[in-house]
2 protein chains.
Amino acid sequence: MVRPDRKRPVTSVDVAAAAGVSQATVARCFTTPEVVAPDTRLKIEAAADRLGYVPNAIARSLKSQRTNIVGAVVPAVGEYWQNVVTYFSRRLTARGRQLLLFSFLDHAEVNETLEAVMQYRLDGLILASANIAETQLARMRQTGLSLVAFNHPDAAGIVPSVTVDNEAGASELARHLAGLGCTRVLYLGGVAAASTDRARFRGAARTLASTGATCNYMEAGAFTYDAGYRAADTVVNLDRLPDAIMVGSDEVAFGMLDGLRRRGLTAPADVLVTGFDGLPQASWAGYDLTTLVQPADQLAEHAVELASGDGSDSSDAPPPSVVVAGTLRRGLTTRKGDAGRARPGSYSRRNCGTEPSAGR
Amino acid sequence: MVRPDRKRPVTSVDVAAAAGVSQATVARCFTTPEVVAPDTRLKIEAAADRLGYVPNAIARSLKSQRTNIVGAVVPAVGEYWQNVVTYFSRRLTARGRQLLLFSFLDHAEVNETLEAVMQYRLDGLILASANIAETQLARMRQTGLSLVAFNHPDAAGIVPSVTVDNEAGASELARHLAGLGCTRVLYLGGVAAASTDRARFRGAARTLASTGATCNYMEAGAFTYDAGYRAADTVVNLDRLPDAIMVGSDEVAFGMLDGLRRRGLTAPADVLVTGFDGLPQASWAGYDLTTLVQPADQLAEHAVELASGDGSDSSDAPPPSVVVAGTLRRGLTTRKGDAGRARPGSYSRRNCGTEPSAGR
DNA sequence: CGATCTTATGTATACGTATTCATCGTTGCA
DNA sequence: TGCAACGATGAATACGTATACATAAGATCG
């Protein structure tokens with residue numbers, strides 16, 4: 001193995017010298033191999049291999065004005081988002097793109113860090129559930145980068161957007177509950193200000209109203225396990241329990257289930273419970289939650305497709321807005337037949353001194 | 001607002017022309033503002049603002065030979081890794097670095113895609129639980145990028161490495177169990193070939209042996225919920241139940257708990273159960289698992305520190321290898337006092353037709 | 001007040017690649 | 001045989017910035 005001097009990285013010029021050709025031919029060999037003669041190609045490849053040459057994507061990007069990098073701005077917390085990031089990464093890799101990730105705790109951080117991210121001349125940027133200043137949005141579009149709003153229904157029309165059909169999904173869950181005879185439903189949202197939250201409640205309320213059922217709204221305060229766990233206390237103290245609790249997200253629903261159980265109530269025996277998102281854990285035996293499964297892989301694929309910027313963005317065309325339907329998952333938490341059959345040896349939560357808390 | 005011609009992005013040259021200075025001064029204004037006169041600085045800043053100038057990090061990287069980007073190669077599945085990625089991102093952002101993420105499903109993908117990643121001349125690369133070919137490791141070090149092996153004890157000595165003290169952690173869990181009087185312990189590993197798995201078992205077996213307890217090893221086959229769930233069937237069919245089951249990871253432990261419950265066994269009543277990792281869900285009331293909490297934030301910080309490559313890597317110094325101690329979390333699953341007090345209204349899992357399955 | 005030092009800025013170049021244009025040798029066809 | 005067309009390659013340049021070097025103007029000091 002040749003010792004590449006350790007200080008100076010080997011460039012296409014070095015390879016050219018070693019192979020006895022010009023730098024241009026070396027470049028062609030790595031971008032459009034078909035235009036270079038087979039025997040010279042072999043010579044070049046041999047030399048490149050011997051020297052340990054790795055093309056410099058930075059220089060390439062500078063010249064070609066494309067980085068092949070797509071950014072994603074994603075909330076730092078929440079099981080849902082962690083899953084989505086994985087799908088982003090996989091889909092992008094499949095397309096030969098790289099993922100530059102920025103996960104934020106607070107919405108305030110976003111506009112700050114976006115400045116730094118913009119310097120990298122990304123090909124596209126996926127904004128997941130982030131509130132971006134309109135002025136910044138405009139500036140970003142002018143740079144020719146492909147923006148995509150993910151799970152941010154409000155953005156549709158302004159920016160290309162990809163989202164599950166929140167309203168129809170909640171409607172489907174509501175119909176499921178109505179079919180089970182529920183007439184008094186409580187909707188437990190995460191954050192009332194979130195557009196997804198509102199859309200889901202709208203779908204639920206509309207459908208339930210059409211069946212003559214009532215649907216009150218209650219806010220957990222966050223899309224977290226803890227928020228659901230605490231909300232259970234409020235629910236238990238109501239004058240009268242609802243027939244069903246529609247929870248705005250799976251993670252909050254898990255907290256609700258555990259919170260109810262702590263107070264001696266279980267689903268589906270005492271009250272039916274549904275979630276929204278279709279997290280892997282919803283299928284875990286410990287919860288087995290009825291929920292609306294988001295086709296996360298499809299959603300990610302659409303987002304990546306739009307963000308990869310293959311389509312020319314003629315700015316006067318209306319931005320494409322993809323809405324994908326979710327699918328209902330019927331779990332134990334709305335299975336009336338199983339109601340209330342407690343069993344000895346069941347998991348007990350009594351006399352447990354410490355209050356559990358999510359996070360670390 | 002000035003219309004920047006929409007085609008040609010504005011460069012430092014444009015700003016220089018607009019401000020009546022040279023390009024060099026503009027560059028200085030954004031890298032070393034203190035060396036430029038206050039009044040010219042204001043002129044330049046005004047011009048930059050007016051034109052909507054954004055420095056080009058690609059060009060900067062080409063010139064300065066530093067990208068300020070750190071890569072992370074992380075398994076695509078597993079709650080643990082999803083958490084870790086979030087910490088990486090946050091810590092890097094705090095240091096003014098960007099995170100280029102690559103998440104892999106199969107170890108075979110890694111060596112493939114690493115080639116592509118290497119082209120981006122990252123400042124550092126965090127390899128999480130990935131098996132990299134030795135030859136490639138060597139080549140990567142030569143490029144001057146700071147490699148860090150995360151949670152990959154075997155790598156210590158070859159490459160700078162950051163990991164929790166697996167052996168000591170398992171030992172602590174074992175001591176905890178021994179203190180509760182356990183003499184027959186079953187260790188349920190995920191994948192026996194994984195170095196973390198072996199280290200944890202070693203710690204458990206050693207400590208238990210010293211107390212006269214037995215510790216058999218069993219392999220779940222994967223670090224997943226499903227694997228734990230299925231392993232529960234095997235455990236239940238043993239001639240005699242062990243006193244405790246030490247599970248190699250929290251996620252597998254969740255599956256084990258739910259699997260046991262399905263067969264009518266619960267922790268801590270029928271058998272004690274411990275996990276490893278300290279996932280947020282371990283604190284959820286539904287599991288309340290005794291486990292060893294990895295200080296994920298600290299680990300991430302160390303990894304980011306090493307990968308940021310601030311320290312000069314004089315190649316003859318032994319690579320630093322950081323080992324951080326975890327902390328024991330005592331949950332309900334090893335709380336003997338609560339043993340077997342079942343309660344009416346508890347969550348029932350009987351007569352549940354469908355088999356739950358993790359993943360989607 | 002001239003010499004030296006300091007400060008602020010301009011000039012010029014390099015980073016590593018992609019691509020346009022020109023060149024040159026070959027082949028095909030009339 | 002002559003000319004056009006073609007295929008393969010080399011020479012040159014541009015991408016946008018950072019920085020070493022040069023230079024000019026004040027500032028300092030004897």
Side-chain angles (χ1 to χ4, degrees), chain A residues 4-5 7-45 47-48 51-68 116 118-123 143-144, chain B residues 4-5 7-45 47-48 51-68 116 118-123 143-144:
Chain A
D5 223 352
K7 283 299 120 197
R8 259 223 343 186
V10 26
T11 75
S12 60
V13 179
D14 302 327
V15 176
V21 298
S22 75
Q23 180 269 332
T25 306
V26 175
R28 278 189 276 260
C29 197
F30 282 84
T31 53
T32 50
E34 62 276 8
V35 304
V36 47
D39 51 339
T40 40
R41 174 153 34 147
L42 286 178
K43 268 196 308 185
I44 293 174
E45 277 166 356
L51 297 178
Y53 169 67
V54 177
N56 187 324
I58 300 297
R60 190 212 321 275
S61 299
L62 180 60
K63 180 66 183 150
S64 66
Q65 306 287 61
R66 303 193 76 247
T67 52
N68 268 359
M118 289 300 301
Q119 303 191 353
Y120 283 90
R121 301 295 193 266
L122 308 176
D123 292 349
T143 67
Chain B
D5 222 351
K7 283 299 120 194
R8 261 222 340 188
V10 25
T11 74
S12 62
V13 178
D14 301 328
V15 176
V21 297
S22 74
Q23 179 268 333
T25 307
V26 176
R28 280 189 274 259
C29 196
F30 283 84
T31 51
T32 50
E34 62 276 9
V35 304
V36 49
D39 50 341
T40 40
R41 176 156 30 151
L42 286 178
K43 269 196 307 184
I44 293 175
E45 277 166 357
L51 297 178
Y53 169 68
V54 177
N56 188 326
I58 300 297
R60 190 213 318 278
S61 299
L62 180 59
K63 180 66 182 149
S64 66
Q65 307 287 57
R66 301 194 77 249
T67 53
N68 268 0
M118 288 301 301
Q119 303 192 354
Y120 283 91
R121 300 295 191 267
L122 309 176
D123 291 351
T143 68

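Just the heavy atoms: all of them, side chains too, but no hydrogens, waters or symmetry mates, feed the values below. Since this is a predicted model, take the numbers as computed values, not measurements. In what follows, every chain begins at residue 1, and chains take the letters A, B, ... in the order their sequences are listed.
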Worksheet, complete the sentence: Scoring nucleotides 5-13 of chain D by protein non-hydrogen atoms under 4.0 Å (B base, S sugar-phosphate only, - none) yields ---SBBB--
Can you find a heavy atom in the side chain of [X] that is under 4.5 Å from one in the side chain of [Y]?
X       : Y       : result
B:Ile44 : B:Tyr53 : no
B:Arg60 : B:Thr31 : yes
B:Thr11 : B:Asn56 : no
B:Leu51 : B:Val15 : yes

Practice prompt. Please give the angle, rounded to 10 degrees, between the axes at the start and the end of the helix from C:dC1-D:dG30 to C:dA30-D:dT1, where five pairs define each axis.
Written response: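 For the helix from C:dC1-D:dG30 to C:dA30-D:dT1, the axes at opposite ends meet at about 40°.
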Return no unless some side-chain N or O of [X] is found under 4.0 Å from OP1 or OP2 of [N].
X        : N      : answer
A:Tyr120 : D:dG16 : no
B:Ser12  : D:dG16 : no
A:Gln65  : D:dG16 : yes

How many whole angstroms separate atom [atom1] of [X] from atom [atom2] of [N]?
X       : N      : atom1 : atom2 : answer
A:Asn56 : C:dG16 : CG    : P     : 7 Å
B:Leu51 : D:dG16 : CG    : P     : 14 Å
A:Ile44 : C:dA18 : CD1   : P     : 13 Å
A:Leu62 : C:dA14 : CG    : P     : 16 Å
A:Arg66 : D:dA14 : CZ    : P     : 23 Å
B:Asp14 : D:dC15 : CG    : C1'   : 13 Å
B:Phe30 : D:dG16 : CZ    : C1'   : 13 Å

Worksheet item: Between atom CZ of B:Arg41 and atom SG of B:Cys29, what is the distance when rounded to the nearest 0.5 Å?
Response: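 The distance works out to 6.5 Å.
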Item to complete: Supply the atom-to-atom distance B:Arg66 CZ to B:Leu122 CG, rounded to the nearest 0.5 angstrom.
Response: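 Reported to 0.5 Å precision, the distance equals 11.5 Å.
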Practice prompt. Indicate the atoms forming the closest heavy-atom contact of A:Ala19 with A:Ala47, along with that distance.
Written response: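 Closest heavy-atom pair between A:Ala19 and A:Ala47: CB-CB, 3.9 Å.
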Item to complete: Could you tell me which non-hydrogen atom of B:Asp14 sits nearest to which non-hydrogen atom of B:Pro9, and how far apart they are?
Response: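 B:Asp14 and B:Pro9 have their closest heavy atoms at OD2-O, 3.9 Å.
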Discussion item. Please check: side-chain N/O of B:Thr67 versus main-chain N/O of B:Arg121, any donor-acceptor pairing under 3.5 Å?
Written reply: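 Confirmed, B:Thr67 side chain pairs with B:Arg121 backbone.
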